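What you see is a predicted model, and the numbers here were worked out from it, not measured in a lab. If you read the sequence from its start, that first residue is 1, and numbering goes on from there.
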Amino acid sequence: MRLSQFQKYSQKENAVTNNVLLMLSRLNDLKVEYYKDIIEKINDDGQNYHVQAIFRQQIGTKKGIVDGYIEMKASKIVIETKLSQTELIHKLVKYGEVFKPYSQNQLWHLSSKKYNDNEVNIVNEELKERYPNVNIKFNNLLFSDIIENLEGIYNENAHDYELKLLLEDFRNYCLEEGLVDNSKYKLLFVPTGWSFKWNMKHRMYFCPIDWHKQQFEYFGFYIDKSVRTISRVETTIIADFDIETKKLTISSKGHTERQITRLRDALIDYGESQSGLKYYILPEDKFYETNFKKISKGGIQGFRYKDLGYLSESGLKNIEQIAIKLKSETWV
């Protein structure tokens, strides 16, 4: 098992903060532009974030034209981390004392719970009242927001293997430590390629036992830059299969005879011996086709997760409705 880049043995706020800072530091080490990009994505205000020296020439001043000009713009980010609640507003606002005029100042509140809109307004109003000469950008962040923005950077730089590992380690750390729980709305989709017809015919999928450790609600087949199906998983069977004897050796429990028969018939149809695999058995009835398109360049190199919570919040109550809605949705 590959060692993670992030500590997983404590949920104390200082350990969580340390790992967030470690991720940002690692991102900066990989490429300064990655760090710049995630800060700008988090700010979401269209403003440039300056992390490097700015080199210019022939700059006009009141005294004449300057031949060469190098500027380092000051910036400061203060992060207040809470695990599952929000900080007291009056305490949070006190941290504005560390900021100075003429600097890019950001105050982050990072937690598994956000302030509501009214509370955000109160924070911003108190910051302006207490520090009238200092411009402070307040960011009301969930751990999932950090992950989503890091995913966005990776999707734009999918060639960078070290960035991929950083994303996977940080995302898994947040999920395993309970900092993010979106399993209720999570879609796992898997690339199928040449096996797509077999997957569709038998409504099942197989992979190594240790794949897909995150909890999820929905499952889909991906091919040709689109998620083509969505359903729940009826059961997961861990089994070995010998094609010569047609023997199916099951090492998991709680399966119906119908599910076992479906698996045996599908593996006979597949025509190869299998070992060390788990099989996702999908419903025979509540299984829906869709067309959830990827609009960015390139395909996917492995399985992906997508949070569909925004669809449920729109009033969609069942998988069939979600399948229909996804036909008009896209992702990158």
Under 4.5 Å between any side-chain heavy atoms of [X] and [Y], yes or no?
{"X": "I237", "Y": "M204", "result": "no"}
{"X": "Q106", "Y": "I39", "result": "yes"}
{"X": "Q104", "Y": "K137", "result": "no"}
{"X": "L326", "Y": "L308", "result": "yes"}
{"X": "I281", "Y": "H255", "result": "no"}
{"X": "W211", "Y": "V190", "result": "no"}
{"X": "K31", "Y": "I153", "result": "no"}
{"X": "N140", "Y": "H109", "result": "yes"}

Treat each ILVMFWY residue as a node, draw an edge where side-chain heavy atoms are under 4.5 Å apart, and state whether [X] and [Y] are in one component.
{"X": "I77", "Y": "V120", "value": "no"}
{"X": "I79", "Y": "Y35", "value": "yes"}
{"X": "I319", "Y": "F292", "value": "yes"}
{"X": "V16", "Y": "L24", "value": "yes"}
{"X": "Y205", "Y": "I230", "value": "no"}

Quick one: do D160 and Y34 satisfy side chain to side chain donor-acceptor pair (under 3.5 Å)? Show the steps, please. CA-CA 11 Å; D160 192 327; Y34 293 163; 2.8 Å; yes
Heavy-atom donor-acceptor pair, [X] side chain to [Y] backbone, under 3.5 Å:
{"X": "N139", "Y": "L141", "value": "no"}
{"X": "S25", "Y": "L21", "value": "no"}
{"X": "S112", "Y": "L179", "value": "yes"}
{"X": "N18", "Y": "N14", "value": "no"}
{"X": "R130", "Y": "E97", "value": "no"}
{"X": "K76", "Y": "S103", "value": "no"}
{"X": "T81", "Y": "L110", "value": "no"}

List the steps, then state whether side chain to side chain donor-acceptor pair (under 3.5 Å) holds for S226 with N291. CA-CA 6 Å; S226 181; N291 190 16; 2.5 Å; yes
Are [X] and [Y] ion-paired here, with the side-chain N under 4.0 Å from a carboxylate O?
{"X": "R232", "Y": "E217", "value": "yes"}
{"X": "R258", "Y": "E284", "value": "yes"}
{"X": "E162", "Y": "R26", "value": "yes"}

[X] side, atom [atom1]; [Y] side, atom [atom2] - distance, nearest 0.5 Å:
{"X": "L166", "Y": "Y161", "atom1": "CG", "atom2": "OH", "value": "12.5 Å"}
{"X": "Y305", "Y": "L187", "atom1": "OH", "atom2": "CG", "value": "10.5 Å"}
{"X": "L282", "Y": "T235", "atom1": "CG", "atom2": "OG1", "value": "10.5 Å"}
{"X": "Y102", "Y": "N133", "atom1": "OH", "atom2": "CG", "value": "8.0 Å"}
{"X": "C174", "Y": "L142", "atom1": "SG", "atom2": "CG", "value": "11.0 Å"}
{"X": "K82", "Y": "L92", "atom1": "NZ", "atom2": "CG", "value": "10.0 Å"}

Residue [X] excluded, over 12 heavy atoms near [atom1] under 6.0 Å:
{"X": "E156", "atom1": "CD", "value": "yes"}
{"X": "K294", "atom1": "NZ", "value": "yes"}
{"X": "D242", "atom1": "CG", "value": "yes"}
{"X": "K225", "atom1": "NZ", "value": "yes"}
{"X": "D117", "atom1": "CG", "value": "no"}
{"X": "K246", "atom1": "NZ", "value": "yes"}
{"X": "Q301", "atom1": "CD", "value": "no"}

Does the side chain to side chain contact (heavy atoms under 4.5 Å, CB included) test come out yes or no for K286 and S231, once each step is laid out? CA-CA 7 Å; K286 294 181 180 180; S231 68; over 6 Å; no
Derivation of the side chain to side chain contact (heavy atoms under 4.5 Å, CB included) call for L27 and L150: CA-CA 9 Å; L27 194 64; L150 187 57; 3.8 Å; yes
Do you know which two heavy atoms are closest between [X] and [Y], and how far apart they sit?
{"X": "F143", "Y": "L83", "answer": "CE1-O, 4.3 Å"}
{"X": "E87", "Y": "Y95", "answer": "OE2-OH, 4.4 Å"}
{"X": "Y218", "Y": "I322", "answer": "OH-CD1, 3.6 Å"}
{"X": "L267", "Y": "I243", "answer": "O-CD1, 4.1 Å"}

Please work out whether the ring planes of [X] and [Y] are parallel, tilted or perpendicular, with thresholds of 30° and 60°.
{"X": "F196", "Y": "F221", "result": "perpendicular"}
{"X": "H212", "Y": "F303", "result": "perpendicular"}
{"X": "W198", "Y": "H202", "result": "tilted"}

Can W331 and E329 be said to form a side chain to side chain donor-acceptor pair (under 3.5 Å), step by step? CA-CA 7 Å; W331 55 283; E329 297 288 309; over 6 Å; no
Between Y280 and F219, is the gap from one ring center to the other below 6.0 Å?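 Centroid separation for Y280 and F219: below 6.0 Å.
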F206-Y270 aromatic ring centre distance below 6.0 Å: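 That pair passes the under 6.0 Å test.
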Salt bridge (charged side-chain N to carboxylate O under 4.0 Å, His left out), that's the test. Do K114 and D145 meet it? Break it down for me. CA-CA 11 Å; K114 277 189 173 183; D145 294 326; 3.3 Å; yes
Quick one, F241 with L277, criterion side chain to side chain contact (heavy atoms under 4.5 Å, CB included). Give me CA distance, side-chain angles, the key distance, then yes/no. CA-CA 10 Å; F241 179 70; L277 300 177; over 6 Å; no
CA sep, side-chain torsions, deciding dist, call: K327, T290, side chain to side chain contact (heavy atoms under 4.5 Å, CB included): CA-CA 6 Å; K327 293 179 180 179; T290 188; 3.6 Å; yes
Working for salt bridge (charged side-chain N to carboxylate O under 4.0 Å, His left out), residues R171 and E151: CA-CA 9 Å; R171 180 172 55 201; E151 285 176 339; 2.8 Å; yes
